[in-house]
Amino acid sequence: MRVTILGSGSEGNALLLESGTTSVLVDAGLSHRKLVQRFAAVGRKAPENIAALVVTHSHGDHAAHASTYATRFGCPVRASEATMPSIRLKPAVQAETFTVGRRFVVGDITIHSRSVPHDAPQVALMFETKVTTVGLVTDLGHVPKGLGTFLSDCETLLLEANHDPDMLETGPYPDMLKRRVAGSLGHLSNGQAGDVLAGLAHAPKRVVLMHLSETNNSPRLARNSAEAALGHQSTELLLAQQQQPLELGAMRDRQLQLGL
Ligand SMILES: [Zn+2]
Ligand SMILES: [Zn+2]
């Protein structure tokens with residue numbers, strides 16, 4: 001599965017997953033114009049054959065442009081039953097809810113979900129094809145019991161590492177916002193992201209740290225924390241950015257193993 005992260009962080013999130021025959025957009029926090037620019041930055045046009053836009057939760061940095069994407073790409077919006085009513089969609093847009101915990105299928109991608117703690121209903125997602133699995137978990141305030149089990153088969157894991165607690169504490173955010181970000185329904189710190197990684201039965205082949213705060217984190221601190229948690233594992237570690245797209249190739253090793 002090819003993964004292209006168009007942008008990641010509080011100013012807007014969007015990513016594209018492409019299996020052999022199915023393309024799925026996840027989250028719509030960048031304007032359509034920006035989305036097109038980000039595709040151009042990796043040398044491609046915005047894809048035309050999007051099977052669905054999956055929205056993780058209703059916060060603006062994930063859902064603000066859902067209606068525009070659905071219209072432009074001519075695809076349905078998929079969101080959980082708890083999230084869908086909070087997304088503003090034009091009447092013409094096809095809205096299809098899914099039940100958290102019950103898998104659903106889009107083309108040749110099976111999508112699994114489980115809820116995670118945030119100050120809006122939010123889900124961790126796992127995208128499964130015949131050859132690989134990609135997990136996505138951002139926007140959660142603490143690590144709920146059972147998350148490691150949910151993510152244990154991920155080959156690629158896209159995981160929030162939002163802030164360094166000391167940078168947040170001494171940084172410029174107003175106190176109320178500091179408490180929200182650090183709270184149990186806020187965002188995952190570098191250390192908590194490390195806890196997720198250390199708690200996995202199998203290390204993923206690739207981990208991408210997501211939703212880094214440009215104010216309360218540094219790429220170096222986020223990377224150090226994840227590296228320490230992964231120990232000697234041969235996991236490839238990457239960082240998604242707010243302003244630049246990041247294109248991940250298919251996991252070729254696994255495909256070779258399977259003789260594809
Ligand atoms: Zn967010
Ligand atoms: Zn959020």
Side-chain angles (χ1 to χ4, degrees), residues 3-17 24-32 34-35 38 53-69 77-89 98 100 113-127 134-144 147 151 157-165 167-168 171 173-174 176-190 192-193 196 207-217 219 222 239-246:
V3 180
T4 308
I5 300 163
L6 288 319
S8 180
S10 58
E11 285 176 33
N13 297 271
L15 57 111
L16 176 70
L17 301 173
V24 171
L25 276 167
V26 183
D27 284 340
L30 298 170
S31 71
H32 182 262
K34 255 194 191 150
L35 189 77
R38 299 289 166 88
L53 164 65
V54 180
V55 176
T56 58
H57 67 301
S58 61
H59 285 162
D61 59 323
H62 299 259
H65 304 279
S67 210
T68 307
Y69 283 22
V77 174
R78 306 292 312 252
S80 73
E81 287 149 351
T83 292
M84 192 68 90
S86 310
I87 306 178
R88 219 179 272 178
L89 296 175
F98 63 83
V100 177
S113 62
R114 65 149 289 157
S115 55
V116 291
H118 193 45
D119 48 7
Q122 164 65 328
V123 287
L125 296 170
M126 196 161 76
F127 302 86
V134 175
L136 169 68
V137 55
T138 71
D139 297 69
L140 67 168
H142 64 275
V143 183
L147 184 66
L151 299 171
L157 176 57
L158 314 176
L159 171 67
E160 173 165 63
N162 177 258
H163 60 275
D164 170 77
M167 284 181 75
L168 177 66
Y173 276 20
M176 217 176 78
L177 189 52
K178 285 181 182 178
R179 281 199 298 275
R180 186 204 152 229
V181 171
S184 66
L185 298 178
H187 290 273
L188 226 53
S189 68
N190 293 339
Q192 289 170 311
V196 173
V207 170
V208 184
L209 300 179
M210 307 282 285
H211 218 297
L212 267 73
S213 168
E214 292 183 302
T215 308
N216 305 310
N217 207 352
L239 275 71
Q241 295 182 56
Q242 180 68 79
Q243 310 294 348
Q244 298 289 333
L246 175 66

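Each ligand, and each atom within it, is numbered from 1 in the order the structure gives.
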Task: From CA spacing to verdict: side chain to side chain donor-acceptor pair (under 3.5 Å), N217, H163 - done: CA-CA 5 Å; N217 207 352; H163 60 275; over 6 Å; no

Given a cut-off of 2.8 Å, the protein N, O or S atoms lying below it from the Zn ion (ligand 1) are D61 OD2, H62 NE2, D139 OD2, H211 NE2

When every non-hydrogen atom of L30 is compared with those of Y69, the smallest separation belongs to O-OH, 2.6 Å

Between H187 and E160, a side-chain donor and acceptor under 3.5 Å = yes

Check your understanding: Distance only, no hydrogens: is a donor on one side chain within 3.5 Å (strictly under) of an acceptor on the other, for S213 and N162?
Key -> no

Discussion item. Regarding N216 and D164, do their side chains bring together a donor and an acceptor under 3.5 Å, going by distance alone?
Written reply: no

(Q) Before you tell me yes or no, could you show the steps for D61 and H211 under side chain to side chain donor-acceptor pair (under 3.5 Å), namely the whole-Å CA-CA distance, both residues' side-chain angles and the distance that decides it to 0.1 Å? (A) CA-CA 10 Å; D61 59 323; H211 218 297; 3.2 Å; yes

